[in-house]
Structures are given as C-alpha cells and as structure tokens.
Amino acid sequence: MGYPVGQVSAFAGVTVRTLHHYDRAGLLRPGDRSPAGYRLYSDADLARLQQILFYRELGFPLDEIATILADPQANALTRLRARHRRLTEEIHRLTRLVEVAEQAMEVQQTGVRLTPQERFEVFGEIAFDLTYATDADRKWHDSDGYRRSMARAATHTKDDWTQLMAEATAWRARLTAAFDAGEPADGEPAMDLAEEHRRHLTRWFAPCPTDMHGRIADDFAADPRAFALLVPPTEQRPGLAPYLRTAVHANAVRQSPPAPDADPTAGPAPTRPEAAP
C-alpha cells in the first residue's frame, strides 16, 4: 500500500511542490504507482523523507543531503559534527548581535549612553527592564516632558550618572527610614522627601511639575518594573510604593496655591482621594 503525494504532504508538513522538487532532483522518488499511474510513496520512502527533513532543518543543502543518504555510514557523523560546529559559531554570533541590539534599544529607550561595564559600576542593582522601557515609551511618547527627559539623559556622562545615583541612594535611605519609623505618608517628613525627589527629577532630567510627579508616582505604585528603577527589590518593603505615591500627592496639594476665596486659617486642603494607597 502506498501513499499519494497529497496525503504525504499533509502529514509530513511539506508542500506538494516541495515533494515534486525532491522528485525531480532525484532525492526522493516514489517507488510505487497506483493502477491509474499516480506515484505512491512507500514506507521506505517516508523514512527517507524523514531523514531529508531532519537534515534540511539543520540547514544542509540538498546536494549534501543526497551525498549523506547515498552513503550514510561514511558521511553522516563527520558532516553532522561539522554542521554542529558551524551552528555553534552561528549561535555565538547571533548572541553577540542580540546583546548589541539590546544595548542599542536600551540607549534609545532609557537614554543611558554607557557601556555595560559602566552601567554596572554606576547603577549596581538598579536594572533597566526593556519591557518597561518599551511600555513607557509607548505610554509617554506624546509627552513633551518625557521627550525632554530622554534627550537630557542622553547627554549625561558617567560622572553625571555617578553623582545622580549617589543622590538617589542617599534619598532612598531617608525614604525607607521614614517608612520604617512609621512616619505618616502625608506628614511633613514624607512630603519633604517627595518634594526632594521632584526637584531631583527637575535638576537631572526636565521640569517636573507636581501633576507630572503625581503621574510618575502612580506608575511606581502600579508597576513593579517602574518602582524597581527607584528602589531595587532587595531594599523594597511591602507598601513602600503606595507610601511614596501618597506622599507625592500630599506634597502636590501642599504646593498648590490656595484658592482666592479660601480661608488661610482653615489649614491645608485634604489629600486627594486618588492619593490613597
């Protein structure tokens, strides 16, 4: 019993055109025919097709496959070893290209123009998640502030980043100390830390008005990838991101000028509902 070309095409996952090409090349010629004269593939033909597809998957050209199948004992192992060596070299080459592409993406999406070694020296545990960088670019690309921040970041030297990260590290230690000490998120110390962070962003990237700072803090609380750019996972505490978000929004209320008809003796306005953790 033989198998017609259409059936072989279906269960082998190759096109009829490909099978015809193998036939014309002398690589796989069906050995049987139907009473009507149609070519039929035998079980032996299917076994040979399986070998052909195996070598094709490894990238062997058809003429080399024909040579291997003509004398498999003499050729297969040597040729497979050579192919393995070439594939390994290609994997290493492609891996290097992936690294170069990722570095280029990181420069474009984070604005950090440092070598991998410099990034490690400057940022330590702070790691840029390219998935977040991509999402942030998609989310903020229409924002003038975002574009200005990226442009400014691209001008920073290694010394600039070193100074920036030293300031950020010291600020982060004060933030976690306030949180650990139980300082209220809408209290003066926490709001002062929020204002310090806002001024830090303005100094190193672009003007950061309180409404923009609020959106940034919302992102910190909503997306762990964003907060990890500010506080590395080893230094995080449960509730720290919402704590900072509340402090930022409370500071925004504190910074807002009172309404013209407001009673100056009435005290500060309450924190906006969305500032709640």
Side-chain angles (χ1 to χ4, degrees), residues 110 122-129 132-133 135-136 139-140 143-146 148-149 152-153 161-277:
T110 67
V122 171
F123 296 110
E125 289 187 78
I126 299 292
F128 293 94
D129 187 324
Y132 175 72
D135 290 345
K139 179 179 180 180
W140 302 99
S143 164
D144 179 65
Y146 174 77
R148 292 174 65 181
S149 294
R152 178 73 187 283
W161 285 113
T162 300
Q163 182 180 346
L164 183 159
M165 290 303 297
E167 292 178 8
T169 299
W171 173 86
R172 189 167 65 241
R174 293 194 297 275
L175 173 70
T176 53
F179 179 81
D180 292 342
E183 292 284 354
D186 57 355
E188 290 292 327
M191 288 192 291
D192 288 346
L193 285 164
E195 176 63 14
E196 185 180 346
H197 181 257
R198 187 182 72 84
R199 293 177 181 271
H200 173 86
L201 295 178
T202 296
R203 182 166 60 256
W204 287 105
F205 298 102
C208 184
T210 54
D211 60 335
M212 179 186 295
H213 196 213
R215 292 193 295 273
I216 293 172
D218 291 342
D219 217 25
F220 288 154
D223 194 327
R225 300 172 302 172
F227 193 55
L229 293 173
L230 187 69
V231 181
T234 56
E235 298 180 24
Q236 292 180 15
R237 283 95 160 130
L240 183 58
Y243 177 87
L244 176 60
R245 177 181 183 271
T246 299
V248 167
H249 283 292
N251 180 61
V253 173
R254 181 178 66 168
Q255 298 294 327
S256 300
D261 58 349
D263 180 359
T265 65
T271 302
R272 297 206 305 265
E274 64 267 27

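When every heavy atom of A206 is checked against every heavy atom of S149, the shortest pair comes out as CB-OG, 3.5 Å. When every heavy atom of A190 is checked against every heavy atom of A247, the shortest pair comes out as O-CB, 3.7 Å. Taking both residues in full, the closest heavy atoms of T202 and C208 are given as OG1-N, 3.0 Å, listed atom of the first, atom of the second, then distance. In this structure, A228 and P233 approach most closely via the heavy-atom pair CB-CD, 4.5 Å. The nearest pair of heavy atoms linking P209 to P207 is CD-O, 3.4 Å. Across all their heavy atoms, S256 and A252 have their closest contact at OG-O, 2.8 Å.
Atom CE of M191 is separated from atom CZ of R254 by 4.5 Å, given to the nearest 0.5 angstrom. Atom OG1 of T210 sits about 9.5 Å away from atom CZ of R215, to the nearest 0.5 Å. Note that CG of L230 is 4.5 Å distant from CZ of F220, once rounded to the nearest 0.5 Å. To the nearest 0.5 angstrom, L201 atom CG is 11.0 Å from E196 atom CD. Interatomic distance, OG1 of T246 versus CG of N251, reported as 12.5 Å (0.5 Å rounding). Rounding to the nearest 0.5 Å gives a distance of 9.5 Å between OG1 of T169 and CG of L164.
The stretch residues 170-195 participates, sequence neighbours left out, in these ring pair (Phe, Tyr, Trp, His ring centres under 6.0 Å) pairs: W171-H197, F179-Y243.
Side chains of D186 and H249: no donor on one and acceptor on the other come within 3.5 Å.
For the side-chain hydrogen bond (donor to acceptor under 3.5 Å, both in side chains) test, residues two or more places apart in sequence or in another chain that qualify with R237 are D180. Listed by chain and residue number, H156 satisfy the ring pair (Phe, Tyr, Trp, His ring centres under 6.0 Å) test with F205 (two or more places apart in sequence, or in another chain). The side-chain hydrogen bond (donor to acceptor under 3.5 Å, both in side chains) test applied to E183 returns no partner, not counting sequence neighbours. Considering only residues two or more places apart in sequence or on other chains, R199 meets the side-chain hydrogen bond (donor to acceptor under 3.5 Å, both in side chains) condition with E195. For Q236, there are no side-chain hydrogen bond (donor to acceptor under 3.5 Å, both in side chains) partners, not counting sequence neighbours.
Inter-residue side-chain proximity for L240 and L175 is flagged as met; some heavy-atom pair is nearer than 4.5 Å.
A distance-only check finds a donor-acceptor pair linking the side chain of R152 to the backbone of R203 [under 3.5 Å].
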